[in-house]
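Throughout, protein chains are lettered first and strands after them, A, B, ... in sequence-line order, and every chain is numbered starting at 1. These numbers come from a predicted model, not from an experiment.
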Amino acid sequence: MINVTLPDGSVRELPDGSSPMDLAVGISKSLAKVAIIATVNGQDWDLKRPLEGDSEVAIVTRKDDKALEVIRHDTAHIMAQAVQELFPDTQVTIGPSVEDGFYYDFARDEPFSTEDFEAIEKRMAKIVDADIPFEREVMDRNEAIAMFEKMGEAYKAELIRDLPESEPISIYRQGEWLDLCLGPHLPSTGKIGKAFKLMKVAGAYWRGDHRNAMLTRIYGTAWSDEKQLKAYLLRIEEAEKRDHRRLGKQMELFHFQEEAQGQVFWHPNGWSLYRLITSYMRRRLEKAGYQEIKTPLLMDRKFWEQSGHWDKYRENMFISSIDQEDKVLAVKPMNCPCHVQVFNQGQKSYRDLPLRLAEFGSCHRYEPSGSLHGLMRVRGFVQDDAHIFCTIDQITEEVKDFCALLKSVYADFGFSEIKIKFADRPEQRVGSEEVWDMAEASLREAAEASGIDFEYNPGDGAFYGPKLDFVLKDAIGREWQTGTIQCDFNLPERLDASYVGDDNDRHRPVMLHRAILGSLERFIGVLLENYAGKVPMWLAPRQLVVATITSEADNYGQKVCDALKAAGIRAETDFRNEKINYKVREHSVGKVPVIAVVGRKEEEEGTVALRFLGEGGKKQDVLSLEEAIAKLTDMGTPPDMKRV
RNA sequence: GCCGCAGUAGCUCAGGGGUAGAGCGCGUCAUUGGUAAUGACGAGGUCGGGAGUUCAAUUCUCCCCUGCGGCACCA
C-alpha cells in the first residue's frame with residue numbers, strides 16, 4: 001500500500017501501482033470526469049501513470065490554468081498526427097503550447113497553406129471522436145534513435161541525440177502515431193474537445209537558428225470549451241481595431257511610403273502628439289538633473305571603428321560620402337560615442353559627477369526588411385537618450401533614481417504593467433571578463449536595491465555592457481522593448497573618457513546608457529494601441545471642437561473657440577453646413593476628447609454644452625463659458641504640471 | 001535576410017482573359033438642424049512595377065518592389 005497526501009493535508013491509502021486516476025475515482029466520479037492531469041510531488045503526471053511510492057498528489061481539472069496548457073499541447077500532438085496522415089512526406093519536429101494556443105513545426109518540401117487548414121481540422125476532429133488513449137512509454141535511448149531514424153524522422157533522432165545521457169526518453173503514443181515528448185498528456189484524445197482552430201502558417205528556423213533549415217510552423221489556438229474559443233477570437237478581432245497603423249490613418253497622425261522605407265512622415269496631428277510627449281519629457285528630465293545636448297548626425301567612420309560599432313554593426317549602418325572628400329561618414333545609429341565627445345571636452349573632476357547628458361537623438365539603422373513594423377520598428381527614429389557619467393559608487397543611486405523616474409513617467413502615460421528583464425554578457429562582446437563581472441554585479445545589485453521585479457534574460461546584453469530592459473505590450477500582446485538602462489565600463493575606456501578624482505589621479509567614469517521611452521516612434525505606437533487612440537486629454541492633438549447646430553450660432557461659436565484658445569486649449573471650430581448628429585459622429589470617430597455644442601440656446605444663456613468622448617453623450621455638462629474654461633484647462637493639464 | 005500570403009478610387013473592400021464596381025470620403029446644389037451618418041447630382045482608376053503567354057492580360061506565368069503574419073536580428 002502507498003500513502004497519498006492530498007492538497008488539504010488528508011492522507012489516503014491506495015494499493016501499490018495505483019494511479020492518480022484511481023485516486024480521483026476514489027474521491028468522486030465527477031472529479032474523475034473533469035480531471036486532466038495530476039501533479040505528483042510537484043511534478044506534472046499523467047492520470048494513468050502509476051505512482052511510485054508515497055506521494056503528494058493534486059488532481060488538476062479542466063478549470064485550472066494548467067489544464068489549458070495540457071489541452072493545447074495535446075491539440076498540437078493530434079494536429080501533427082492529422083498532418084502526417086494527410087501529408088505522409090512530412091517530418092515532425094517540435095510542438096509546444098504557447099500563450100493562447102500552440103504550434104507545431106513541420107519539415108516538408110512543399111510548405112502548407114491556410115487552404116490546407118480545413119482538411120487538417122477535419123482530420124483532427126476525427127481523431128478526437130475516436131477517443132484514442134495517450135500512452136506513455138519509456139524507451140532505451142539508442143532504440144529510440146534507431147526507431148525514429150527508421151521512420152525517417154531525422155529531426156527527432158537529432159533531438160534525442162542531444163538530450164543528456166541521464167534523461168529518460170519518454171514516448172507518447174496515440175494509436176499508431178507516436179511522438180517524443182516529456183508529457184504530460186490527457187488520458188485520451190476525446191478529452192481534448194473541439195474548441196480549437198488553426199490560425200496561421202509561418203516559417204521558422206530549426207532550433208531558432210537562421211543557419212538551419214526553414215521549417216513550416218502551423219499556429220493554432222485551443223480552449224477548454226467553445227465559449228472560450230469564441231471569446232478569444234472576438235478579442236483578437238477587437239484588438240486588431242486598435243492597431244496603431246490603422247489608427248494612424250484614421251486619426252491622420254502619420255504615413256509611410258516606399259521611397260522612405262521604415263521612416264515616418266508625421267502629419268500635423270501626429271507631430272502635435274509627438275511634441276506634447278517631448279515637451280513633457282523635457283520637463284521631467286530637467287527636474288531630474290539632466291542637461292540636454294544635440295550632437296551631429298554624420299560622423300567619420302574612424303570614430304565608429306574606435307567605439308566598436310563598425311565591427312559589430314557595419315552591415316546595419318547607413319553610410320554617406322561626398323565627391324570632394326575621400327572620407328566615409330556614417331549616419332549615427334546611436335548617440336553614445338557622441339556624448340562621450342561632449343564629456344571629453346575640457347577637464348572633468350569627480351565634482352562634476354554624476355553628469356547626465358540627454359539628447360532627443362535622431363538615429364538611423366538599416367534594420368532587416370522583415371523586421372520593419374509600423375512605428376514599432378523603423379529605420380529612422382528618435383531616442384530619448386541620455387548618458388550618465390558617474391563613479392562606481394554612484395551606480396546604485398543612479399539606477400534607483402532612473403527606475404523611479406521611469407515608473408513615474410510610465411504611470412503618467414497610463415502604463416502600470418511593465419515587464420523588466422536583466423540581460424548579461426552576450427557571446428560577441430568587448431572588454432575583459434573582470435570588467436564584465438564588475439558591470440554585471442553593479443547593475444544587478446542596483447536593480448535589486450531599487451526594488452523592481454525583473455526576470456533573467458541570459459546572454460542578451462549589449463556588446464559593451466549588461467542591461468535592464470523595460471518591455472510593454474501592444475494591442476495583441478506582442479512585447480516591445482521601450483526603456484533601458486545599461487551599465488558600461490567599456491566605451492569610456494575605448495573612447496578615452498576620464499575624470500580627476502579626489503586623489504588627484506585620472507579615473508575612468510562609468511557610463512550608464514539609458515532611455516525611458518526608448519524610441520519616440522515605438523512608444524507612440526504602443527501608447528496609441530493602449531488607449532485605442534483615445535489618448536488622455538493632455539496628449540490629444542485636438543482637444544476640443546466647437547460644433548454649431550445652426551449657422552446662426554457661428555459668431556458665438558467663434559467667440560467660444562477664441563476664448564478657449566486664449567486659455568491654452570487646443571480648440572477648433574466646425575461651422576460646416578451639416579447636422580449636429582453628423583458633426584458629433586465625425587469628431588467622435590476622430591477621437592476628439594471633447595465636443596462643445598453650441599446653438600441658439602447656448603448663445604442666449606452664454607453657455608456651452610460639453611460632450612465627452614467615450615461617455616456616449618449621456619453625461620453632458622452645460623456650463624458657463626468661464627466654468628467650461630476652468631474645467632477644460634484642468635482636464636488638459638499634463639500630469640506633471642498638476643503636481644507642482 | 002528567410003518562409004508564407006497580399007497589393008483594384010483618398011479609405012475599406014468586391015470582382016474577374018474581351019468599355020472597371022460598391023460604401024465611405026471629396027466637389028456642387030438644396031436643406032439651418034439639438035448630441036454617432038439629410039437628400040440629389042457629379043468628379044475620381046495605366047487594377048504596385050517590369051517581362052512573358054495570348055488575337056486580347058487588371059485577371060494566367062515569371063522576376064522585382066512594397067505591405068501583412070511569423071522566424072531570425074534588434075547597439
Point to revise | Whole angstrom value for the distance that separates P of B/A36 from CG of A/Asp574 | key: 15 Å

Study note, to complete from the structure: Hits for side-chain hydrogen bond (donor to acceptor under 3.5 Å, both in side chains) against A/Gln91, two or more places apart or cross-chain, chain-then-number order -> none

Residues 458-468 of chain A side chain polar contacts: donor-acceptor under 3.5 Å, at least two apart:
from, atom 1, to, atom 2, distance (Å)
A/Asp460, OD2, A/Asn457, ND2, 3.1
A/Tyr464, OH, A/Gln486, OE1, 2.5
A/Lys467, NZ, A/Asp469, OD2, 3.1

Point to revise | Under 4.0 Å protein heavy-atom contacts per nucleotide of nucleotides 63-75 of chain B, with B for base, S for backbone only and - for none | key: --SSSSBBBBBBB

Revision key, fill the gap. A/Lys249 NZ to B/C11 C1', in whole Å, measures 7 Å

Revision key, fill the gap. Salt bridge (Lys or Arg N to Asp or Glu O under 4.0 Å) pairs touching residues 109-119 of chain A, sequence neighbours excluded, are A/Glu118-A/Lys122

Revision key, fill the gap. Dot-bracket for RNA chain B, 5' to 3', Watson-Crick and G-U pairs with both distances under 3.5 Å, [ ] for crossing pairs, | for partner on another strand, reads (((((((..((((....[..)))).(((((.......))))).....(((((..]....))))))))))))....

Point to revise | Which residues share a side-chain hydrogen bond (donor to acceptor under 3.5 Å, both in side chains) with A/Asp437, sequence neighbours left out | key: A/Arg425

Using the 3.5 Å cut-off, write out each protein N or O paired with an N or O of nucleotides 42-47 of chain B and the distance between them.
none

Check your understanding: A/Asp105 has an atom CG; how far is it from atom C1' of B/G4, in whole Å?
Key -> 14 Å

Exercise for review: Starting from C1' on B/C3, measure out to CD1 on A/Ile218 and report it in whole angstrom.
Suggested key: 13 Å

Exercise for review: Enumerate the residues from residues 585-600 of chain A whose closest heavy atom to RNA chain B is under 4.0 Å, giving them by residue number; use none for an empty result.
Suggested key: A/Arg585, A/Ser588, A/Val589, A/Val597, A/Gly599, A/Arg600

Study note, to complete from the structure: Rounded to whole Å, the CG-P distance (A/Asn581 to B/U32) equals 16 Å

**Study point:** With A/Glu153 via salt bridge (charged side-chain N to carboxylate O under 4.0 Å, His left out) - residues at least two apart
**Key:** none

Review point. Using 4.0 Å as the upper bound for N to carboxylate O, is an ion pair formed by A/Lys631 and A/Glu627?
Key: no

Exercise for review: Classify the nucleic acid contact of A/Lys583 as base, sugar-phosphate or nothing, counting any heavy atom under 4.0 Å across all strands shown.
Suggested key: nothing

Review point. Can you tell me how far P in B/G25 sits from the matching atom in B/G39, rounded to whole Å?
Key: 10 Å

Revision key, fill the gap. Between CG of A/Leu253 and C1' of B/C11 the distance, given in whole Å, is 15 Å

Check your understanding: Which part of the nucleic acid, if any, lies within reach of A/Glu252 when heavy atoms closer than 4.0 Å are counted: base, sugar-phosphate only, or nothing?
Key -> nothing

Point to revise | Pairs touching residues 543-560 of chain A that satisfy salt bridge (Lys or Arg N to Asp or Glu O under 4.0 Å), sequence neighbours left out | key: A/Glu552-A/Arg600

Review point. Checking ring-ring contact (aromatic ring centres under 6.0 Å, His included) against A/Tyr219, which of A/Phe196, A/Tyr103, A/Phe117 comes through?
Key: A/Tyr103

Revision key, fill the gap. Salt bridge (Lys or Arg N to Asp or Glu O under 4.0 Å) pairs touching residues 475-486 of chain A, sequence neighbours excluded, are A/Lys419-A/Glu479, A/Lys421-A/Glu479, A/Asp474-A/Arg478

Check your understanding: Is it true that the NZ or CZ of A/Arg444 lies under 6.0 Å from the centre of A/Phe422's six-membered ring and within 45 degrees of the ring axis?
Key -> yes

Practice item. Report yes or no: does A/Gln383 contribute a side-chain atom to a donor-acceptor pair with the main-chain N or O of A/Met334 at less than 3.5 Å? Key: no

Point to revise | N-O pairing of A/Lys583 and A/Glu586 below 4.0 Å | key: no

Check your understanding: Are A/Gln341 and A/Thr295 close enough that a side-chain donor and a side-chain acceptor fall under 3.5 Å?
Key -> no

Point to revise | Partner set under side-chain hydrogen bond (donor to acceptor under 3.5 Å, both in side chains) for A/Gln261, not counting sequence neighbours | key: A/Arg379

Check your understanding: Rounded to whole angstrom units, what separation is found between the CZ atom of A/Phe612 and the P atom of B/A36?
Key -> 16 Å

